[in-house]
Structures are given as C-alpha cells and as structure tokens.
Amino acid sequence: MSKKLTKREDGYSKWYNELVVKADLAENSGVRGCMVIKPYGYAIWEKMQAELDRKFKETGHENAYFPLFIPKSFLSKEAAHVDGFAKECAVVTHYRLKNAEDGSGVVVDPDAKLEEELIVRPTSETIIWDTYRRWIESYRDLPLKINQWANVVRWEMRTRLFLRTAEFLWQEGHTAHETKNEALEEAELMLNVYAEFAEEHMAMPVIKGLKTESERFAGAEETYCIEGLMQDGKALQAGTSHFLGQNFAKAFDVKFTSKEGKREYVWATSWGVSTRLMGALIMTHSDDLGLVLPPKLAPIQVVIIPIHRNDEQLDAISVKVNEIVKELRKKGVSVKYDNRTTYKPGWKFAEYELKGVPLRIAMGPRDLENGTLEIARRDTLEKKNISQDTIVSYVEKTLEEIQNNLYNKALDYRETHITEVNTFEEFKDVLNNKAGFVSAHWDGTTATEDKIKDLTKATIRCIPLNNKIEEGKCIFTGEKSVQRVLFAKAY
RNA sequence: CGGGGUGUAGCGUAGCCCGGUUAUCGCGCCACGUUUGGGACGUGGAGGCCGCAGGUUCGAAUCCUGCCACCCCGACCA
C-alpha cells in the first residue's frame with residue numbers, strides 16, 4: 001500500500017481524510033455516515049476518556065447509563081429542543097422482521113409497528129429529565145451530578161471521519177441544582193475542566209467563551225464553549241457546557257421541596273465532548289509526514305527499533321533493549337519494542353512517523369559497541385546520539401519537552417491568527433487571505449450575525465469570557481457595540 | 001436534501017463514448033534467495049460474480065432503469 005500522504009498545502013481536507021485512514025485511526029463502514037474506529041484510534045480515545053473520567057469524578061460526578069431509545073413524545077416536551085434536533089433524528093418504527101414472500105431476504109413486518117415511535121438519542125436531556133423527576137424530591141437530593149459515556153446519533157447530511165459522523169461517541173453530563181447560581185457555577189466549572197484537558201493533555205490551546213443566541217444549544221439559556229483553531233485557519237468547537245435554566249425542569253415537571261418548604265423547579269446544566277476531539281487533535285499538530293501526538297495521549301510514547309544483519313546481532317541488541325524497556329516501563333513510559341524481522345528499519349521509521357509516536361529509538365551494532373543509541377523526536381524530527389546510561393531521564397525529560405513544544409507551537413499559531421479589524425472590508429480581507437479568528441465589534445443582533453454569515457461564511461465562534469469592555473461600532477451596521485467578538489469560518 | 005463526480009483484486013487504476021477471445025498496469029500479498037543505520041532487489045505465484053438489483057441483446061465492465069456507498073460544492077450540524 002502506498003503510504004504517501006497528500007501535503008497539507010495541496011489539500012488540507014484531503015490530507016486529513018488520508019491521514020485518518022493511513023495512520024490506522026478509523027475508516028468508513030458499510031453504514032452511511034458511520035465510522036469504524038480502529039484499535040490505534042480507539043486507544044487514543046481511551047486515553048482521553050480515562051483522563052476526562054478522572055476529572056469528572058474529581059469534581060464530584062458519578063457515571064450512570066440511560067437508554068439508547070427515547071419515546072417520541074419525550075422529545076417534543078421542550079419546544080426549542082425538539083426544533084433543534086427534529087431534522088436529524090433516526091426513528092425506530094417497527095420491532096420485527098419477517099422473511100419476504102418472494103424469498104429475496106427479510107422485510108419489515110408491517111404488523112409489528114410500534115404504537116409510539118422511538119427516537120435513537122441525539123442527546124439525552126429528555127430521557128434523563130424524565131428520570132430525574134422521580135429521583136428528586138427534596139433539596140437533600142441536590143445537587144445531582146451525573147455523567148454518561150454513550151453513543152448518540154445525529155443524521156448528518158455530510159459526514160467526515162471524527163469531525164462529523166452520523167453516530168459518534170461522547171460523554172454527556174447532566175446536573176440538577178437548587179439555585180441558578182449553583183447551576184451557572186457548574187456550567188463554568190465543567191467548561192474549565194474541558195479547557196484544562198484540551199490544553200494540558202491535547203496540547204491544544206482553546207478560547208473559552210459564550211455562544212451567541214443563534215449558536216446556542218437547543219433548549220439552553222446559555223452555552224459556554226471552548227474553541228480551538230486548526231492549522232488551516234478554521235475554528236473547531238471542541239466542547240460545550242450549557243446552562244439550561246429551568247427549561248427542562250419545567251418541561252418534565254422536576255420540582256423539589258426547599259428548606260423553606262416551598263415547591264421549586266430545579267436548575268440544570270448539561271455538558272459534553274465527543275470523538276470530535278480526535279479530529280481536533282489530528283488537525284492541531286500533525287504534519288505532512290503524518291500524525292503528531294502529544295505524549296500524554298500517545299498510545300505508544302517510545303518505539304525502539306533494532307538494526308541488525310543477523311540473528312546474533314538481534315539477540316545481543318534485544319538483551320540491551322529489554323533492560324531499557326524495563327526501566328522505562330518502571331517510570332510509567334509506554335514503550336514498544338518492534339523486533340519484527342518482517343519489516344526493514346526504514347519501513348518502520350516511516351510507519352511510526354505516520355502514526356505520530358513521539359520518540360523513536362534506534363539501536364544497531366555500532367551503538368552496542370559504543371554504549372549509545374539514536375533517539376529521534378517526532379515533533380522536531382531532530383535526531384541525537386546519546387549514551388544508553390542516560391536514556392531513562394532523557395526520555396522523561398524529552399516527552400515533557402515535546403508536550404510543551406506542541407502546545408507552544410499551537411499557541412503561537414493561534415495568537416498570530418487572532419486579527420482585530422474595524423471595518424467590514426478588513427474583515428473580509430482577513431478571512432480570505434489569512435483566516436483564523438477575526439476579532440470585531442458586532443451590534444449584538446442575530447440579523448447582523450446571519451447577514452455576515454451569508455456574505456462571508458464566517459460565524460461568531462464565541463464572545464470570549466475574559467473579554468474587555470471596549471466601546472466601538474459594529475463592523476457591519478455601524479451600530480454601537482460594547483465589546484469585540486470572535487468570528488471565524490468553522491468546522 | 002439540491003448541484004457535480006466516482007465505484008473494476010486489499011489499495012490506486014486502464015478498458016466504458018463506439019457491446020464481441022483468457023479484463024490492463026502499479027503497489028501490496030504469498031514462496032524462495034540475496035538484503036537490513038531512512039519506505040530493498042530478483043525470480044516465481046495467488047488473488048476479480050467489473051458496487052448491488054433488474055432490463056435490452058445471440059452476447060454486457062461497456063447500453064438503459066432503480067438502488068447503495070464514497071468524494072467535491074451548497075443548506076444543516078458536536
């Protein structure tokens with residue numbers, strides 16, 4: 001199989017599609033819009049899950065599991081919610097198949113029609129709030145803080161591996177609180193958890209912000225988000241945390257008795273990140289040779305490749321390598337010794353570069369004689385010969401350096417791709433010639449936002465949380481504005 | 001879902017307009033030998049219901065109809 005990757009500049013989108021497949025992360029399946037996540041890709045997702053799950057538990061959440069199917073009537077209880085999702089729902093109408101009379105296979109049995117259709121969950125607010133009604137009676141039952149790891153289905157028109165698939169994996173947190181403030185704090189807390197994860201583990205800088213009304217989650221009063229910037233200058237929404245107010249409590253009649261003995265509706269949040277993070281990870285760091293993985297999420301952090309002419313040499317190298325492997329594992333480094341004789345060293349070098357392994361060690365007869373080895377960094381492609389005695393500390397130190405370097409590189413790109421503009425002409429010019437985030441004044445209306453989107457395809461990604469108040473004029477209408485917002489073309 | 005395009009071996013493809021021997025080539029795969037510090041080389045070999053289902057025809061990869069999948073551009077979106 002030819003492993004030559006399209007270069008990013010020759011087609012970013014083509015590069016991405018090829019990379020996902022060639023690096024063995026995922027592939028399209030026989031089911032429209034649905035992907036198969038392959039073991040190497042799934043291993044990265046598992047590392048993401050493990051860290052996020054740890055963070056959720058640390059902040060007082062518990063995992064549970066709710067049904068895949070949602071009765072149609074549940075979905076329509078919250079008006080904005082059903083409006084937002086109705087157009088992309090998979091619906092179960094029957095529960096049985098039978099053999100076709102003409103022997104051509106099986107057909108849906110028309111006698112097995114469900115009285116009420118079931119929706120394959122596009123998100124679980126409705127089924128969860130229907131459950132919470134029974135779980136919450138008193139202020140003593142609050143706060144209720146639950147997370148679920150699940151798959152959801154949204155019948156998207158155009159799909160792309162990891163970025164937008166009809167079925168995707170995610171986690172969704174759903175919490176219930178006594179007061180508005182407590183719910184708002186929860187939504188902000190989880191946004192910070194996501195941001196921390198993105199920056200510290202994915203090495204992906206993100207901007208924390210608020211969505212405008214038109215970009216808000218269906219059924220939310222406020223949507224917080226983290227936005228990343230990909231190498232092609234397009235923004236990617238990497239996670240959202242919603243303050244749901246009392247909308248779902250009212251729709252599902254979830255009330256509690258307060259300390260004062262009053263019956264009150266609870267306040268809610270929901271928050272989620274999905275396998276889309278895989279797409280974000282790939283597009284933030286990878287290059288024309290393939291994947292570049294931050295050490296904290298790399299399934300293999302160090303690969304060791306022996307170079308030998310015969311079995312005796314391989315045996316001698318293996319003795320030394322096995323010692324090193326043992327030492328590294330003791331320190332918690334994930335190491336693979338690829339001693340397959342069925343592939344040549346050059347082939348392996350290229351293969352592990354494609355797969356983004358952060359560090360590669362090569363050891364041959366020369367090294368054995370000199371007590372050295374060759375170590376190569378995936379991020380800088382820099383090669384060094386070092387003494388075998390110093391390998392463990394060198395690896396530990398370098399993995400940390402790579403993690404930081406990837407973050408700083410991405411941050412530098414992001415920082416140089418936030419452009420302040422004051423006129424619509426400048427705005428269009430930056431979008432077309434430079435891309436990235438464009439910081440501009442906006443009059444605060446959905447009408448203006450829509451018009452700008454129609455004309456430029458750019459949307460307001462967020463109103464940054466740390467925004468400074470600054471008098472200005474909307475770049476489109478010239479109306480008064482009190483702060484800049486971030487526009488960008490987005491995935 | 002609208003416009004455009006493509007489905008031929010695991011992957012990439014020729015052939016299709018203009019129907020007619022055994023469906024082309026490269027990579028990969030298997031065997032043997034030589035190789036192994038950046039994707040090795042030679043020799044031999046295996047692998048195809050030409051996306052699926054109908055139709056036209058003496059005869060279909062090729063023509064017609066329907067369906068499915070994928071890619072690009074829109075609308076929708078985590």
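The nucleotide whose nearest atom lies closest to any side-chain atom of Glu353(A) is, among G38(B), A78(B), A75(B), G38(B). Taking the side chain of Lys457(A) as heavy atoms from C-beta on, and the options C70(B), U36(B), G74(B), the nearest nucleotide is G74(B). The nucleotide whose nearest atom lies closest to any side-chain atom of Gln237(A) is, among A78(B), C73(B), G37(B), A78(B). Checking C72(B), A78(B), C76(B) against the side-chain heavy atoms of Lys453(A) singles out C76(B) as nearest. Side-chain atoms of Ser274(A) lie closest to A78(B) of the nucleotides C29(B), C72(B), A78(B). Which of C29(B), A78(B), C71(B) sits closest to the side chain of Thr165(A) comes down to A78(B).
Nucleotides A61(B) and A53(B), compared at atom P, are 13 Å apart to the nearest Å. Separation of the C1' atoms belonging to C18(B) and C63(B) is 11 Å when rounded to the nearest angstrom. If you take atom C1' in G66(B) and the same atom in C76(B), they sit 28 Å apart, rounded to whole Å. Rounded to a whole angstrom, the distance from the P atom of C27(B) to that of A40(B) is 13 Å. Atom P of C17(B) sits at a distance of 48 Å from the matching atom of G33(B), rounded to the whole Å. Comparing G42(B) with G48(B), their C1' atoms are spaced 27 Å from each other, to the whole Å. The separation of C70(B) from G12(B), taken at their C1' atoms, amounts to 15 Å, rounded to a whole angstrom. For G55(B) and G39(B), the C1' atoms lie 49 Å apart once the distance is rounded to whole Å.
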field: Derivation and outcome, side-chain contact (heavy atoms from CB on, under 4.5 Å), residues Thr269(A) and Lys145(A)
entry: CA-CA 9 Å; Thr269(A) 79; Lys145(A) 304 207 291 183; over 6 Å; no

message: Go through it in stages, so that I can follow the logic: the residues are Thr223(A) and His242(A), the test is side chain to side chain donor-acceptor pair (under 3.5 Å), and I'd like the CA-CA distance, side-chain angles, deciding distance and then a yes or no.
response: CA-CA 4 Å; Thr223(A) 288; His242(A) 315 290; 2.8 Å; yes

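Within the 4.0 angstrom heavy-atom criterion, no nucleotide atom of any strand lies near Asn310(A). Backbone-only engagement by Ser13(A) is indicated by non-hydrogen atom pairs under 4.0 Å involving sugar-phosphate atoms exclusively. At the heavy-atom level, Gly33(A) lies under 4.0 Å from the strands shown only through sugar-phosphate atoms. At a threshold of 4.0 angstrom between heavy atoms, the contacts of Glu156(A) include nucleobase atoms, whether or not backbone atoms are also involved. Counting non-hydrogen atoms under 4.0 angstrom, Thr342(A) reaches nothing in the nucleic acid. The residue Lys383(A) sits close to a base: some heavy atom pair falls under 4.0 Å. Within the nucleic acid shown, Phe168(A) comes within 4.0 Å of at least one base atom, counting heavy atoms only. No contact: Arg340(A) has no heavy atom under 4.0 Å from any strand. Heavy atoms of Thr240(A) sit nowhere under 4.0 angstrom from any nucleic acid atom. In this structure, Leu163(A) reaches the bases: a heavy-atom distance under 4.0 Å links it to at least one base atom across the strands shown.
By the 4.0 Å N-to-carboxylate-O rule, Lys208(A) lies too far from Glu188(A) to be salt-bridged with it. We find that Arg54(A) and Glu51(A) are joined by a salt bridge, their nearest charged nitrogen and carboxylate oxygen being less than 4.0 Å apart.
In this entry G74(B) has C1(B) as its Watson-Crick or G-U wobble partner, both defining distances falling under 3.5 Å. Both distances falling under 3.5 Å, in either a Watson-Crick or a G-U wobble arrangement, place C41(B) opposite G33(B). In this entry C67(B) has G51(B) as its Watson-Crick or G-U wobble partner, both defining distances falling under 3.5 Å. A 3.5 Å limit on both hydrogen-bonding distances identifies no Watson-Crick or G-U partner for U24(B). In this entry C18(B) has no Watson-Crick or G-U wobble partner, no candidate having both defining distances under 3.5 Å.
Aromatic ring centres of Tyr194(A) and Phe197(A): separated by at least 6.0 Å. Between Phe349(A) and Tyr343(A), the ring centre distance reaches or exceeds 6.0 Å. For His61(A) and Trp271(A), the ring centers sit closer than 6.0 Å to each other.
Residue side chain Lys344(A) does not reach the base of G37(B) through any donor-acceptor N/O pair under 3.5 Å, judged by distance alone. A donor and an acceptor atom never sit less than 3.5 Å apart when one is taken from the side chain of Arg309(A) and the other from the base of G37(B).
Per the geometry, CG belonging to Asn151(A) stands 14 Å off C1' belonging to A78(B), to the nearest Å. Distance Trp15(A) CH2 to C71(B) C1': 18 Å, rounded to the nearest Å. Computed from coordinates, the Tyr224(A) OH to A78(B) P distance equals 18 Å when rounded to whole Å. Spacing between atom CH2 of Trp155(A) and atom P of A78(B) amounts to 18 Å, rounded to whole angstrom units. Atom CD of Glu351(A) and atom C1' of G28(B) are 13 Å apart (whole Å). G37(B) atom C1' lies 13 Å from atom CG of Asn370(A), rounded to whole Å. Going from atom CG of Leu354(A) over to atom C1' of G39(B) covers 11 Å, rounded to whole Å. Taking atom CZ of residue Arg154(A) and atom P of nucleotide A75(B), one finds them 20 Å apart after rounding to whole Å.
Residue-to-nucleotide proximity on RNA chain B shows that, of Tyr343(A) and Ala218(A), the 5′-proximal contact is made by Tyr343(A). In terms of position along RNA chain B, the nucleotide closest to Arg160(A) lies nearer the 5' end than the nucleotide closest to the other residue of the pair Arg276(A) and Arg160(A).
You cannot call Phe349(A) stacked on the base of G39(B); the centres under 5.5 Å and planes under 30° rule is not satisfied.
Remark: side-chain polar atoms of Ser29(A) are paired, donor with acceptor, to backbone N or O of Cys34(A) under 3.5 angstrom. Side chain of Glu215(A) to backbone of Lys211(A): no donor-acceptor contact under 3.5 angstrom is found.
Residue Arg158(A) places at least one side-chain N or O closer than 4.0 Å to OP1 or OP2 of C73(B). In this structure, Lys22(A) does not reach the C11(B) phosphate: none of its side-chain N or O atoms is under 4.0 Å from OP1 or OP2. Contact annotation: Asn385(A) side-chain N/O to G37(B) OP1/OP2 distance is not under 4.0 Å.
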